[in-house]
Each structure stands twice: as C-alpha cells, then as structure tokens.
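Below is one structure; the comments refer to it alone.
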Amino acid sequence: MTNETREPSVGEPPIAKRLILGDPLASDDSEEHLLPKKRALPIFASDALSSVAYAPQELLLILLTGGLAFLAFAPWVAAAVVVLLTVVVISYRQLIKAYPSGGGDYEVARKNLGEVPGVVVAAALLVDYVLTVSVSVASGVDNIISAIPGLNPFRVELAVGFVILIVIINLRGVREASRAFAIPTYVFIASVAVMIVVGLFQTATGNAPVASSAQYAVEAQSVTQAAVILLILRAFSSGCSALTGVEAVSNGVQAFRQPKVRNAQTTLALMGLIAIVLFSGLTALALVSGVHYAENPCDLIGFDCANNPQPSLMAQVSSAVFGMGSIPFYVIQAATALVLLLAANTAFNGFPLLGSVLARDGYAPKALNTRGDRLVYSNGMIILGLVAIGVLIVYQANLTNLIQLYIIGVFTSFTLGQIGMIRHWRRGLRALHALPADERGSRSVRDELFSLRKGLVINSAGAAMTASVLLIVTVTKFTHGAWLVFLAIPVLSFLMIGVHRYYRDVEAEIEMDDQTHFGSTGDVALILVNKLQKPVVKAVDYALAAKHDKTFAVHVSVTKEEAEALEAEWREHRMPIPLKIIESPYRMYASPIAEFVKKYRELHGSAVVTVYLPQYIVGHWWESLLHNRRARRIAQQLMLVHGVSITLVPWLLDSSELIYGRRSRSLPGDDRAGRGSAEEVHRVGRRATRPAGPPVHEPAESTPADV
C-alpha cells in the first residue's frame with residue numbers, strides 16, 4: 001500500500017523562507033554574485049570607515065579624565081593612530097598578494113608559525129567579529145538616541161532588533177547586502193567630508209564652530225607623572241579602534257571579481273585613505289569646536305546628566321557646524337547611525353568566510369562550510385547574530401563598556417599575521433639565495449629579490465608597531481574588562497584544536513584499507529509490528545518489493561493478551577509473511593530485538609539484517625508530542641547492533657499536507673468535471689496500490705498506535 005500525496009517543486013523551500021530570504025540560487029550563479037570594487041567598498045570597509053565615528057570620541061573621552069589640559073595631547077595621539085593605520089594598510093596589501101585564498105591572518109600564521117598560532121589568530125578574529133557587531137550596533141543606537149533622546153529607554157531593544165535585521169539582509173545574499181549597504185556608506189562618506197570641509201572653512205574665516213559641551217568644565221582627577229603616561233597610552237589604544245575592519249578585505253578576497261588580488265588591494269587602499277581623512281578631520285573639528293565628552297556625563301560641570309543622555313561626538317560636531325535641528329544635522333546623524341549599524345555587515349562577511357576556512361581545515365564544525373539557499377554561509381551568520389545579541393543584552397548595549405573589550409582580538413591577529421609574513425618573506429629570500437650565482441644575476445630574480453625585501457621591510461615595521469600596540473592595549477584595558485577577551489581566546493582555541501583532533505581521529509578510523517572484510521552472507525528483513533494497521537502494511541509492501549532472502553514480521557510482546565490478539569488478526573487478514581513473537585516482560589523493545597538478531601546470526605551466519613520501522617509524518621508541531629516516537633528511539637538503539645541497517649517507512653498523516661502547502665477546497669466546477677478536492681485526491685492516492693500477495697482487507701478506521 002503506497003502513501004501518495006501532492007509533491008512540492010524540486011528544491012522548493014517553504015513559503016515563509018522564500019518571503020524572508022528570496023528564491024534559492026543555483027550553485028552555477030555564484031560567479032554572478034562576486035563583488036566589483038564599488039560594491040565591495042561598502043561591504044568590506046563599512047567597519048573601518050564607521051569606526052571613525054567613535055574612535056575620536058573614545059580618544060578624547062580617555063584624555064578628558066585627566067582634565068581639559070590633557071586635550072593638548074590629542075593631535076599627537078591622533079597622528080600616531082594615522083601612522084599606524086597607514087602602515088597596517090600597506091602591510092595588508094602585501095598579505096593579500098601573498099595569500100589570496102581568503103584565509104587572511106589565520107592562513108598566514110598557520111602556514112608560517114604552526115598550528116597553535118594559527119588557531120589563536122582564528123579565535124582572536126572570531127571574538128573580534130562578535131565585538132565588531134556589538135560595538136557597531138551599540139554606537140549606531142547611541143547616535144540615534146543623540147538625535148531622538150526619547151528612545152533612550154529602548155536602547156537594548158533597538159540594538160537587538162537591528163542585529164536581527166542585519167542578519168536577515170545578509171541571509172538574502174552578498175549582492176543584495178551590497179545594494180542595501182552601498183547608499184548609506186557613500187552618503188556617510190560624502191556628508192562627513194562636507195561637514196569637515198565646511199567646519200574647517202568656518203574656522204579659517206574666523207567663525208569657528210562651537211560645540212554644545214564646550215561650556216562645561218570637567219572635574220579632573222589628580223594624576224601622577226606615571227599616570228599621565230598611562231593615560232596617554234590608554235587614549236592611544238582607544239583611538240586604535242579606528243583600525244578595526246582593516247583585516248576584513250584580506251579575509252574576503254574570494255568574494256571579489258577578477259582580478260581578485262588587484263581589486264582587493266585597490267579596495268583596501270581606498271578604505272585606508274578615506275578612513276585617515278575622516279578620522280583626522282573629525283578629531284580636528286572636535287578640538288576646534290571644544291567637544292567635551294566624559295566617560296561619566298555627571299563629571300561635566302553644568303550638564304543635566306540626570307535627565308539628558310550625553311550627545312555623541314558626531315552629533316556635537318554636526319550641530320556646531322550646521323546647527324542643532326538643521327537638515328544637514330539630521331542627514332549626518334541618520335547616515336552615521338546607518339553606517340554604524342551596517343558596519344556590523346563587515347563581520348557578517350568575515351565571520352562566515354573565516355568559519356568556512358576553519359571548517360575546511362577541520363577546526364570548526366563542517367556545517368560552517370555549507371552554503372545556504374542564497375549562496376552564503378548562513379550557519380555562520382546565524383551563530384554570529386545570536387552571540388552578538390547575547391553580548392548586547394549582557395552589556396546593555398553600552399558603548400563605553402563594550403569598547404573596553406574591543407581591538408584586543410584584532411591586534412592579536414595583526415601581530416601574529418605580520419610575524420608570519422616576515423617568515424614568509426625570509427623563506428622566499430633563502431630560496432633565492434640558494435640559487436646558483438648565474439641564475440641570481442638574471443633580471444627576473446633581481447626583481448623578485450627586490451619584491452621580497454620590500455615585503456620584509458613593510459611587514460617588519462607592521463609587526464613591530466602592532467606588537468607594541470598589543471602590549472599597550474593589554475596593559476591599559478585588561479583591568480577595564482578586557483580580561484574577558486583574554487579568557488575567551490584561549491578557551492575557543494582549545495575547543496578548535498579539540499575539534500581538529502576529533503576529525504583527525506575519525507578520518508583515521510574510517511580510512512580505506514585492503515584488510516576490510518567483506519563476508520556477509522544472507523539477507524533478512526524484519527518488519528516491527530505493534531498493531532496491524534496501515535503503516536505496518538506499507539512497511540510489509542516495501543520489504544516484499546525489496547526481495548530479501550527471508551522476510552518476516554516481529555512483535556515485541558509486553559502482555560500475552562496483546563500477542564494473542566495480534567496473531568489472530570494476522571491470520572484473519574492473511575498477511576503474506578510469517579509473524580514471530582518475542583516476549584518482553586520488562587517492557588523493553590530494542591534490547592529483545594537486538595538479542596534476537598544476535599542469535600539469528602549465530603545460527604544462520606553473518607546475514608545482513610534490515611529492520612523496517614513505520615514512522616508517522618505529521619504537519620503540526622504539537623502532534624509530535626502526542627505520539628510516543630518509539631520508532632525513532634528503537635532505530636537509534638538498533639543502529640549500534642552489528643550487521644543491522646534501519647529503513648524508516650514514512651506514513652503521511654492527513655495533516656502532513658501542511659508541510660507542502662495549505663489544503664485546498666474544490667474549485668467551482670470541479671464536481672461537475674469529475675475532479676475532487678486535494679484532500680479526496682490525497683485519500684484516493686493512499687489506497688491506490690496494495691502490497692504483493694493475497695488480498696488484504698482494510699482494517700476499521702481507528703487512531704493508529706505507534707510501532
């Protein structure tokens with residue numbers, strides 16, 4: 001007896017999934033979804049570009065804890081950040097050229113420094129991607145609240161909602177995400193650039209902008225000479241948040257169109273140039289307009305911290321240049337909020353790509369290397385979104401608290417990646433020096449030698465600077481909450497190495513060899529029966545069609561009366577296969593069957609035993625709670641028995657139609673034309689075929705019991 005029903009289109013996802021994510025894309029369409037430079041810039045650079053909205057703010061915030069006089073150090077600290085950003089961008093252009101496969105710092109460290117440094121880099125990057133989402137969204141919400149203070153009580157709810165929205169947009173695919181993010185990113189770049197030009201022009205003409213907080217004095221803390229140095233270093237480490245996102249391009253080279261390396265290098269250079277201009281301009285305008293942004297707003301003398309949230313640096317500068325409540329003010333605030341929210345998109349590209357590389361190398365679950373319907377690594381995106389939401393809830397979307405956890409991971413990967421590149425260049429130089437003297441004199445070898453030496457110098461400078469910054473960040477941020485990151489990175493590294501060991505052991509266990517024994521003789525089918533009902537008859541039909549050497553039904557008897565009733569019914573309906581009864585006085589099912597199989601193989605040789613288990617397919621989630629699901633539990637236990645294979649025979653209950661779509665009523669004219677409703681067709685189709693053997697009478701309609 002077959003169980004036919006309406007078939008869905010091949011590969012057609014559920015309607016709700018199509019509405020949210022769009023129609024699935026074929027694997028052959030992947031080339032069409034690679035990014036040109038104009039779309040790659042907002043995708044990969046939104047994090048680095050948006051960080052200029054909060055990096056100057058955090059820099060001035062730290063300096064202001066020592067008093068207004070410490071703002072005199074701001075230009076020098078900002079200049080050091082710009083120099084570092086320039087060196088890192090140049091260094092990563094070299095990394096893209098040497099390792100274009102998309103592994104970034106992880107691949108460099110693993111190939112040149114070994115397994116443990118590579119895994120540490122991967123763990124640091126994964127942690128940093130989570131914090132990128134959290135910090136970017138928290139900063140975006142901060143700027144929204146600066147424009148609309150009434151939303152302050154809903155800070156956490158707004159942050160969580162934005163993360164969910166960004167996840168959905170990214171799940172729709174890279175091309176759709178690039179379209180959604182391109183306009184806000186370019187509007188942000190243009191509006192902030194215009195604001196910087198206008199503000200500097202006003203200053204040059206003697207009408208310098210004045211920030212709303214310029215009138216507030218600050219309760220300065222008394223600091224010693226050693227504390228002054230520590231404060232400046234801490235301000236520098238906070239300003240270095242402007243470097244976050246630089247590594248994203250090197251991790252996503254494979255998402256670019258051909259020529260991939262050149263397009264990635266160009267995008268990285270444009271990103272670095274724009275970030276330097278915006279960071280420098282905003283810092284300058286903040287100092288000119290007298291922005292006073294305190295870690296504790298109540299430290300600003302005269303500011304009503306009890307009733308008003310402290311406006312962000314971007315809000316104060318834009319209101320000083322264009323006027324509070326003006327159209328340009330709201331344009332800049334909207335563009336800043338959008339680009340900060342969408343900066344999380346950089347992580348939603350980098351995290352899944354890195355996860356796929358780790359899964360390919362065996363350091364992460366293989367599910368992270370599986371593309372979804374829209375040709376993106378959807379599992380990685382969902383994991384990133386969930387963890388980021390958890391972080392935002394725990395820290396209440398507070399930017400000042402979250403920023404303390406930030407940039408440690410990225411500078412860990414920066415440093416190890418640059419050290420790995422040094423070993424890469426040195427290995428290349430040794431190979432060239434090992435050539436015969438006549439070959440070393442050729443022009444091509446000389447050009448390659450120059451290229452290797454240039455790369456060595458650039459990455460040596462990068463390694464020295466990033467290692468110094470990592471030390472500074474560690475010292476200045478550790479006691480302010482960064483210890484949590486230092487705990488998370490080793491734990492995650494340990495887990496990844498454990499996953500790799502597991503996959504390695506499994507591969508060794510299942511590796512093919514010539515000693516494997518192929519000696520099974522015989523082919524036996526067992527159909528498990530609780531009551532004689534339609535699902536059992538269908539299983540008998542399947543087993544007979546497979547033409548096993550021997551086929552018989554097995555009933556595990558808990559009570560004698562139940563077994564006798566089944567035997568009588570079996571004879572009454574003239575079932576074509578014999579029925580064997582196994583007594584189980586202790587109400588166990590899988591163990592008696594396993595013992596039966598063992599004894600059978602002892603008597604008749606190493607036969608292959610196929611166990612057929614009928615199983616209900618339902619359409620409502622609550623229906624699964626009303627069935628005991630014994631078939632699934634028995635299958636899981638029998639799979640541990642040597643020589644046994646399991647065949648689940650589905651029986652689609654009427655409600656299962658909901659899986660494929662809503663049940664339809666008869667259309668007007670169907671009755672006159674002889675066409676029944678979808679339900680009638682489904683019911684007739686279920687009875688269309690009978691099992692081989694003698695005729696079988698339909699049992700009375702009743703609620704079937706589980707096997």
Side-chain angles (χ1 to χ4, degrees), residues 37 40-41 44-45 48 79-114 117-118 121 240 242-243 245-254 256 258-277 410-470:
K37 293 189 292 293
L41 183 64
F44 289 105
V81 173
V82 168
V83 171
L84 179 63
L85 178 57
T86 303
V87 172
V88 169
V89 168
I90 295 174
S91 299
Y92 270 89
R93 281 174 57 87
Q94 300 297 313
L95 189 149
I96 290 171
K97 180 180 179 181
Y99 293 91
S101 61
D105 288 318
Y106 159 71
E107 185 178 5
V108 174
R110 182 166 174 263
K111 289 185 176 180
N112 295 285
L113 302 178
V121 167
C240 285
L243 275 74
V246 172
E247 80 290 345
V249 177
S250 67
N251 291 335
V253 177
Q254 293 304 307
F256 285 82
Q258 296 288 353
K260 295 179 181 291
V261 171
R262 189 171 67 188
N263 286 339
Q265 287 181 321
T266 302
T267 301
L268 179 61
L270 287 172
M271 178 194 71
L273 178 62
I274 295 170
I276 288 171
V277 170
V410 74
F411 271 95
T412 299
S413 63
F414 280 173
T415 302
L416 291 175
Q418 297 302 307
I419 294 173
M421 287 301 297
I422 292 174
R423 296 198 66 176
H424 170 80
W425 300 127
R426 289 175 63 86
R427 186 168 58 250
L429 288 171
R430 285 196 300 270
L432 289 184
H433 288 312
L435 294 174
D438 55 338
E439 291 186 27
R440 289 202 304 269
S442 65
R443 182 171 181 177
S444 61
V445 173
R446 290 201 307 270
D447 291 343
E448 187 176 356
L449 190 63
F450 174 77
S451 177
L452 292 173
R453 287 172 175 168
K454 181 181 71 172
L456 179 61
V457 170
I458 292 173
N459 289 120
S460 296
M465 296 186 71
T466 54
S468 301
V469 174
L470 178 60

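Position 1 is the first residue of the sequence; numbering continues from there. Note that these values count all heavy atoms, side chains included, but never hydrogens, waters or copies made by symmetry.
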[atom1]-[atom2] distance between [X] and [Y], expressed to the nearest 0.5 angstrom:
X      : Y      : atom1 : atom2 : answer
His424 : Gln94  : NE2   : CD    : 9.5 Å
Asn459 : Ile422 : CG    : CD1   : 6.5 Å
Glu107 : Arg110 : CD    : CZ    : 8.5 Å
Met465 : Leu470 : CE    : CG    : 14.0 Å
Leu268 : Arg93  : CG    : CZ    : 7.0 Å
Glu448 : Leu429 : CD    : CG    : 9.0 Å

Measure across [X] and [Y] and return the closest heavy-atom pair with its distance rounded to 0.1 Å.
X      : Y      : result
Val81  : Cys240 : CG2-N, 4.2 Å
Gly462 : Gln418 : C-CG, 4.0 Å
Val108 : Gly417 : CG1-O, 3.4 Å
Ser413 : Val121 : CB-CG1, 3.8 Å
Ala109 : Gly118 : CB-CA, 3.9 Å

Is there side-chain contact between [X] and [Y], with heavy atoms separated by less than 4.5 Å?
X      : Y      : value
Phe411 : Leu84  : yes
Phe414 : Asp105 : yes
Phe256 : Val249 : yes
Arg453 : Val457 : no
His433 : Leu449 : yes
Met421 : Trp425 : yes
Lys111 : Tyr99  : yes
Asp447 : Phe450 : no

Original post:
Is the number of heavy atoms from other residues, nucleotides or ligands within 6.0 Å of CZ (Arg427) greater than 12?
Top reply: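 Above 12, so yes.
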
Subject >> Test log, rule side chain to side chain contact (heavy atoms under 4.5 Å, CB included), inputs Ser451 and Arg446 >> reply: CA-CA 9 Å; Ser451 177; Arg446 290 201 307 270; over 6 Å; no

Original post:
Looking only at atom types and distance, does a side-chain atom of Thr415 sit under 3.5 Å from a main-chain N or O of Thr466, one as donor and one as acceptor?
Top reply: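 Yes, Thr415 side chain to Thr466 backbone: donor-acceptor pair under 3.5 Å.
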
Original post:
Distance-only, no hydrogens or angles: does the Ser460 side chain make a donor-acceptor pair with backbone N or O of Leu456 under 3.5 Å?
Top reply: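 Yes, the answer is positive, given that a donor and an acceptor are paired below the 3.5 Å cut-off.
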
